[in-house]
Amino acid sequence: MRLDKLLSDRGYGTRKEIKKLLSKQGAVVNGAIVKDPGYQVQESDAVTFQGEEVSCEQFQYYLFHKPAGCVCANEDHVHQTIFAYVPNPKNTLFSVGRLDLDTEGLLLVTNDGKLAHALLSPRRHVDKVYFAKLDLPITDDDIKLFSEGVDIGDEKLCMPADLARANEAGDEIRITIKEGRFHQVKRMFEAVGKEVLYLKRESMGPFTLDDSLPKGVYRTLTEEELSFLETYTNHTKD
Ligand code: URA
C-alpha cells in the first residue's frame, strides 16, 4: 500500500494533508526517513509517523474490555459507542458481534469481515463464556434444563449450554453458550424465572479476557492469539 494511503487510513489526515506533512517531516520506515507519499509499504515494515507507531497490517484486531454504558455500534444518537474507547478514524472497524449496553467484557474489534463471519457463524459453535449475577440462585433443574436446551420463545430451543455455580449461594454463575442470539443469556434466565443483574463476557473461542486489561482499555492481539485467527480465516500470515 502507498505510504500516504496507509497514513490516511490510520486517521492522520486526508491524502493531500499527508503529502504536505510528509514533504516537511517525512515518516520513519525501518529506521530511514521517507518523504515520498508513493512509497510502497510492506506489511512487515516498521513505520513511525509523528512519533507514533503505525500498523501496516491490512487487518487490524483488537481485544477490548467493554465497560457498561456504551453500545456496540459505529454510531448512536443516544449512547456512547465502543469507538469512544477504540480509535476508529476511518470507520473501518466494527465489533465481532454485540454485547448489550449494560454488559461488560470481552469484545473483538476488527476490520476483518471474514473473521467476524467465521466467529459468529452458528455452524461454527464458538464457545462464549459469561459470568453473571442473578437475583435468585440457580437450581439443579436449571442446570439440567440448560444442558438440554431451554425454550426462550424462538422457533428453535437454545443449543445445550453449560451452566455452573460460581459462588456457594448459587446466585453467581458461569455459563457457556455456543450461539449469539439477541439478549440470549438474559432470556435464558428469564425462561427459568430469574433476572440477570450483571453480565460479563469472559471469553469467546480462544480469546480470553485477562485481569491485566482494565475496563475501557483495548490491546492488540498477542502472537499466539494472532495464530488462532488462522483457524478461523484463510488469511495467510507470514
Ligand atoms: N446475552 C445477553 O443477554 N446479553 C449480552 O450482552 C450477551 C449475551
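One is the number of the first residue; the rest follow in order along the sequence. Atom set for the values below is all heavy atoms of this structure, side chains included, hydrogens, waters and symmetry mates excluded. First listed ligand is number 1; within each ligand, the first listed atom is number 1.
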Completion exercise
If you scan protein heavy atoms around atom 4 (N) of ligand 1, the nearest is D100 OD2, 2.7 Å

Practice task
May I ask you to check if ligand 1 and V185 share an N or O to N or O distance below 3.5 Å?
Solution key: yes

Handout entry: Heteroatom distance test (K186, ligand 1): nitrogen or oxygen, under 3.5 angstrom
Key = yes

Practice task
Using the six-membered ring wherever Trp is involved, compare the ring planes of F131 and Y198 and label them parallel, tilted or perpendicular (cut-offs 30° and 60°).
Solution key: perpendicular

Problem - R187 N/O to ligand 1 N/O under 3.5 Å - result: no

Problem - Salt bridge flag under 4.0 Å for residues D4 and K20 - result: no

Problem - Y130 to ligand 1, any heavy atom closer than 4.0 Å - result: yes

Fill in the blank from the handout: With heavy atoms and a 4.0 Å threshold, my read on which part of L199 contacts ligand 1 is side chain

Practice task
State whether E225 and R219 are salt-bridged, where the test is any N-O pair (Lys NZ or Arg NE/NH1/NH2 against Asp/Glu carboxylate O) under 4.0 Å.
Solution key: yes

Practice task
May I ask you to decide if the ring planes of Y218 and Y62 are parallel, tilted or perpendicular, using 30° and 60° as cut-offs?
Solution key: perpendicular

Handout entry: Per-atom contacts of ligand 1 with T103, taking only distances under 4.0 Å to non-hydrogen atoms
Key = 4 (N), 5 (C), 6 (O)

Handout entry: Ionic contact status for E52 with R10, cut-off 4.0 Å
Key = no

Practice task
Salt-bridge test for D9 and K5: reply yes if a basic N is under 4.0 Å from a carboxylate O, no otherwise.
Solution key: yes

